[in-house]
Structures are given as C-alpha cells and as structure tokens.
**Student:** 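Pasting a structure here, questions to come.
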There are 2 protein chains.
Amino acid sequence: MSSQASSPERGAGGSARREADGSARRAADGSAKRALTRGDVLDAAAAIVKEQGPRALTMRKLAAELGTAVTSIYWHVGNREELLDALVERTVADLGEIRAQGRSPATRIVSVTRALRAQLRGHPHLVAMVHERGLTERMFQPATQALVHEVHAAGLRGTQAAEVVRSLLFQVVGFVLVERNRERAPVQYPGDESLWDEATAEHDPALAKGLAAPPDPERLFLLSVRAMVEGLLGTRPRA
Amino acid sequence: MSSQASSPERGAGGSARREADGSARRAADGSAKRALTRGDVLDAAAAIVKEQGPRALTMRKLAAELGTAVTSIYWHVGNREELLDALVERTVADLGEIRAQGRSPATRIVSVTRALRAQLRGHPHLVAMVHERGLTERMFQPATQALVHEVHAAGLRGTQAAEVVRSLLFQVVGFVLVERNRERAPVQYPGDESLWDEATAEHDPALAKGLAAPPDPERLFLLSVRAMVEGLLGTRPRA
DNA sequence: ACCTGAACACCGTTCAAGT
DNA sequence: ACCTGAACACCGTTCAAGT
C-alpha cells in the first residue's frame, strides 16, 4: 500500500544495464554508506532471485545483503509480495523490443518466436513469477505486437489473425517450460531408459532415443514452430 | 528418509475412487478414532491442495485437520517435501489411460491432445508440482504412449516421429498453462482495453477483440492443434 | 523522511519421552 | 510400532520509538 512513485532505472531502451549493481552500500566492508533507495532494494532482490530463485528471497537475507535492518526494507517496498511485484514489473519493462527478421512473413514470424524464446531463457524464473501475478498477457505484449504485424503482412485479419497469434505464443511458452524442466532435472524418475524400452516405443529404437533425450532443442523448436506456421498460414517458412 | 512401503489406494485402474475420503478419523466430532495411516495423511493433504493449492498445505493445518499432533505426520510421511512428492506420485499414477478416438491418425492424434488437456484441467495445481519435481516426462507418459502409436499409424518413424510427438505435447502444455493463467486472473493489468487499443491492433478491431478475450478456448485449442498436426503430418484432421 | 530493535504469530523440523 | 509436547531456528510483519 506504500505509494512509492520513484520507478528507478527505466533505462534508455532496455538492453544495456549492468554497471549499477548495488555495490554502493556495502556495510560489511565498513566502506562508504549511502542512503538506502528503493532501487538498491530491487537490485539486491533481483540478484538473489536470479541466482537462487524467488524462494530464496527472504526479507532477512535481503536485509543482511544490504546491510540494513529488516524493517527498513518495508519502508521502501511495502512488503515481500509488493517487492516481488515491483521486481517482475521492472524486469518485464526491461525486456526490450522484439524485432522480426527475414523476408517472407512466415520466416519473420519464426524469427519472432525465436527471439521470444531467447528472452524467456534469459530469465529462468520470470515466467513462473509473471504467471503467478496474472501478468502473462502483459509480458508477451511486445512479442504479440510483433506477431500481429507479421500475421497482418501475411494477409490474415480479425479473429483468424488473433487465433494464429495466440497459437504461436502458446507454443513458445509450452516449449520453454518443458525445455527448462528437462534442464533442471536431467535424470528423470524412474529414468528414461526404463520409460522408453523397446516395447513402449513400439520397436522403434530411433524414436525411443529421440524421446529419451532431445539432442538439439534448438532444432526441435524450429521444427515445431515451422510446422505450426505452415499449418496456420498454409505457407512453408524457409531457414 | 523414512522407508514406508505401504502405497495405499492403488485402485483397480484409476477412474473410480472417491468413497474413502478420510472421513474415518474425525477427532473434532468426538466420534470413533482409528489409527492414523499414511493413506489418511495423503487424503487430507490432497484435499487441502486441491481446494487451496500446495502453498496452503502446512503441517500444522494438516495435523489439525486430522486431529493429530503435528509430529505424528512426520512419522508417516517423513517431511513436507516427501509428503508432496508422494501426493504427486499418487495423483499421476491415478490419472488413468488416454485412449484415442476417431478413424484417421490425424483425428485420433487430436483426440489424444484433447484428453490430455482435460486431464490437466482436472488437476489445476498438478502441472506446476510435477514440474518442480522433474516428473514431467513421467506424467506425460500415457499421452506420449498414445501419441507414439498414432504417429506410427500415420507412417512416421524414428527421430521424425519423436519430434512430432514432442511438438504436440509442448503445444498442449503451453496452452493449458496460459489458459489457466487467464482463468485465475481474468482482469489483467493494465487491462486488456488499454493493451489492445486501435493503434496497437493495427486498426483491426476484430483482432483486438480476439486478443483481449478468447471467447472459446475449446475452439482455439482445436484450431491450433489441428494446424500443428496438419503442418507436421501434411494431413488435415477432420472433426 | 528514513531507520531501528523488540515483539507477535506463524512456519518446518528434531528429539527425548511416552504407550 | 505409533503418538506426544517441548524446543529450536527460521519466517513475514507490525509498531512504537528514535534521528
């Protein structure tokens, strides 16, 4: 409920920011000690979340990191939930534009999905946090915008265009989520071998191998997105 | 670390279970009091998770619900994390088979994705919990199995078949996730209207409306899956 | 305007002790 | 074999009090 309207670090577009990593206020060193700002809190919180996930972000740990009393944080950001809200908000705002590349609409659409996937992979915990806060639509706004443009260029309009855009967004999100799951837990239970033995794979060893471990997610991503674009537009995109 | 091997309620296939809703041990009523079993704990935990989400499942609340001391629970399930593990494990095991319907492979594939979506929607918190535990592959095993069969029937083999199966799974998961997000947070911030005004929708009001609120997720789901199947198989599925 | 420590209600978990 | 209360370390949050 604290109506802080500072909104620090809006940047000049979104890509380059890294210098101002709250290195100013270190108290543990005994060095110079500035006044704590809302931006400091967000920076420190962002660092913890990025490295250890949102679960590891406790108010007390954050305070220790900043060299302040726990209660000071509350003055600047309200409470933990509002802190996470602000963090997500800032990260989403800093994601930057998505630019299509290529000549044909189909190719340009594929390039947008690739850019979106790259963004999502760059912020491993962001998707879940955005999801919890009901900001999904907003987070995908830039990508949606770009897709709208390309779908229009492909000649689609109205409801049909909207459905194509949404199908593509869902595809990317689903892919990244499952992909990340595999990265985090490479060895599944009860283990891939037993899950895809000869019988369950219907005597198709190459298929069993393909399902047990996707050797090239990049390739799989391109393939599925291209299939989807082809099915939706009736045009085959080119590499 | 407690090696309890009871594994209650494995059922006779998976669909019908509902009678044994831990109504036996009610202590608050002052009625008859059986010995607490691992199954009781899992049942009560499942009820809480189903109604209020995994976050609301605290050991103390669970104990109160069961009419026991908190520490009794630990004897039966180890700790909170193992409790959730067991819960997910049991739920996944009880999900049941997925049967394809229809004549052509393309149509049957679509029917499998619909069944999978219905399963996921029936357990709103399951996907996230499974995801956290790295059990995604296992959870989708029945659906994958069914898809493998149909893709084989469509004449695909090996790596190509595996890629088709995976693309479809990703599509379904992504769809359900985003769909659920919209249900939970119907009013987005900063609001759909402002997000899709005339300019951002490139002067296509029907598209703006389509993106602001998907009137029929069922329809959108079918459309996108069919497009994907068509793009992957080169065959158009029929309703 | 900003920061502080004390205090509260709530967690998960351990452990010695009961039956 | 099962259950218990006491106790520990950790949470988020509030509040009166400082400067």
Side-chain angles (χ1 to χ4, degrees), chain A residues 1-8 22 24-28 30 32-45 48-49 52-87 129 132-133, chain B residues 1-8 22 24-28 30 32-45 48-49 52-87 129 132-133:
Chain A
M1 293 292 172
S2 84
S3 53
Q4 221 72 7
S6 52
S7 78
R25 216 194 114 91
R26 292 255 163 269
K33 193 167 180 176
R34 263 186 32 238
L36 187 67
T37 71
R38 187 181 155 90
D40 294 336
V41 176
L42 288 180
D43 287 341
I48 294 177
V49 168
Q52 314 183 46
R55 223 167 186 158
L57 179 70
T58 74
M59 302 301 269
R60 285 176 158 90
K61 181 192 283 184
L62 182 56
E65 191 75 23
L66 287 165
T68 3
V70 204
T71 42
S72 301
I73 299 177
Y74 283 82
W75 196 92
H76 286 284
V77 295
N79 57 35
R80 196 187 110 103
E81 207 47 45
E82 290 179 40
L83 168 58
L84 284 171
D85 286 350
L87 206 58
M129 294 173 70
E132 278 179 3
R133 281 160 185 78
Chain B
M1 292 296 173
S2 83
S3 52
Q4 222 71 7
S6 50
S7 78
R25 217 194 112 92
R26 291 258 162 267
K33 193 165 177 176
R34 262 185 34 236
L36 186 68
T37 70
R38 184 181 156 94
D40 295 336
V41 176
L42 288 181
D43 287 340
I48 295 178
V49 168
Q52 315 183 44
R55 223 170 185 155
L57 179 71
T58 73
M59 302 301 268
R60 286 175 156 90
K61 179 192 283 183
L62 183 56
E65 191 76 23
L66 288 165
T68 4
V70 205
T71 42
S72 301
I73 300 177
Y74 283 83
W75 196 92
H76 286 283
V77 295
N79 58 34
R80 196 186 110 101
E81 207 47 45
E82 289 179 41
L83 167 58
L84 284 172
D85 286 351
L87 206 57
M129 293 173 71
E132 277 179 2
R133 282 162 184 76

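Lettering follows sequence order; numbering is per chain, from 1.
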**Student:** Using atom CD of Glu82(B) as one end and atom C1' of dG12(C) as the other, report the distance to the nearest whole Å.
**Tutor:**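 Nearest whole value for this atom pair: 13 Å.
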**Student:** Expressed in angstrom and rounded to an integer, what is the separation of Asn79(B) atom CG from dC11(C) atom P?
**Tutor:**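 Result: 17 Å.
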**Student:** Taking the side chain as every heavy atom from C-beta outward, state whether Val77(A) and Glu82(A) have any pair of such atoms under 4.5 Å apart.
**Tutor:**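 A side-chain contact is absent here, since even the closest heavy-atom pair is not under 4.5 Å.
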**Student:** Rounding to a whole Å, what distance do you find between Met59(A):CE and dT14(D):C1'?
**Tutor:**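 To the nearest whole Å, that distance equals 12 Å.
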**Student:** Identify, between Arg60(A) and Glu81(B), the residue whose nearest nucleotide on DNA chain C lies closer to the 5' end.
**Tutor:**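 Residue closer to the 5' terminus by nearest nucleotide: Arg60(A).
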**Student:** In Å and rounded to the nearest 0.5 Å, what is the CG to CG distance from Leu83(A) to Asn79(A)?
**Tutor:**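 Atom-to-atom, Leu83(A):CG and Asn79(A):CG are 8.5 Å apart.
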**Student:** Whole-Å distance between dA1(C) P and Arg38(A) CZ?
**Tutor:**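 Going from CZ in Arg38(A) over to P in dA1(C) covers 17 Å.
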**Student:** Between Arg80(A) and Leu57(A), is any pair of side-chain heavy atoms under 4.5 Å apart?
**Tutor:**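 The answer is yes, as the side chains (C-beta and beyond) meet within the 4.5 Å cut-off.
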**Student:** If you measure from CG on Leu42(B) to NE2 on His76(B), what distance do you get to the nearest 0.5 Å?
**Tutor:**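 Atom-to-atom, Leu42(B):CG and His76(B):NE2 are 10.5 Å apart.
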**Student:** At less than 4.0 Å, is any side-chain N or O atom of His76(A) found next to OP1 or OP2 of dA1(C)? Yes or no.
**Tutor:**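 Negative; the distance criterion is not met.
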**Student:** Within this structure, what is the CD1-to-C1' distance between Ile73(A) and dT13(D), rounded to whole angstrom?
**Tutor:**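 For the pair Ile73(A) CD1 and dT13(D) C1', the rounded distance is 12 Å.
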**Student:** Between dG12(D), dG5(C), dT13(C), which one does the side chain of Tyr74(B) approach most closely?
**Tutor:**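 Of dG12(D), dG5(C), dT13(C), dT13(C) is nearest to the side chain of Tyr74(B).
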**Student:** Can you tell me how far CD of Glu132(A) sits from CZ of Arg55(B), rounded to the nearest 0.5 angstrom?
**Tutor:**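 One gets 5.0 Å once the value is rounded to the nearest 0.5 Å.
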**Student:** Expressed as a whole number of angstroms, how long is the span from Arg80(A):CZ to dC11(D):C1'?
**Tutor:**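 Interatomic distance, CZ of Arg80(A) to C1' of dC11(D): 10 Å.
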**Student:** Rounded to whole Å, please give me the gap between CZ in Arg55(B) and C1' in dC11(D).
**Tutor:**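 Whole-Å distance recorded here is 13 Å.
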**Student:** Just how far is it from atom CG of Leu84(B) to atom CZ of Arg133(B), taken to the nearest 0.5 Å?
**Tutor:**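 These two atoms lie 5.0 Å from each other.
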**Student:** Which nucleotide sits closest to the side chain of Trp75(A): dA1(D), dC2(C), dG12(D)?
**Tutor:**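 Of all the options, the side chain of Trp75(A) is nearest to dC2(C).
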**Student:** Please give the stem ranges for DNA chain C, sorted by first residue number, where a stem is three or more consecutive Watson-Crick or G-U pairs and both donor-acceptor distances are under 3.5 Å.
**Tutor:**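 DNA chain C forms these stems: C:4-8 with D:12-16, C:12-16 with D:4-8.
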**Student:** Pick base, sugar-phosphate or nothing for Leu57(A), based on heavy-atom distances below 4.0 Å to the nucleic acid.
**Tutor:**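 Touches sugar-phosphate only.
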**Student:** OG1 of Thr58(A) to CD of Glu65(A): how many Å apart, nearest 0.5 Å?
**Tutor:**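 Result: 10.5 Å between the selected atoms.
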**Student:** When the distance from CG of Leu66(B) to P of dC2(D) is rounded to whole Å, what number comes out?
**Tutor:**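 Interatomic distance, CG of Leu66(B) to P of dC2(D): 16 Å.
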**Student:** Is there a donor on the side chain of Thr71(A) or the base of dG5(C) sitting less than 3.5 Å from an acceptor on the other?
**Tutor:**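 A donor-acceptor contact between them is present.
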**Student:** When you check the phosphate oxygens OP1 and OP2 of dT4(C), does a side-chain N or O of Ser72(A) lie under 4.0 Å from one of them?
**Tutor:**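 Yes.
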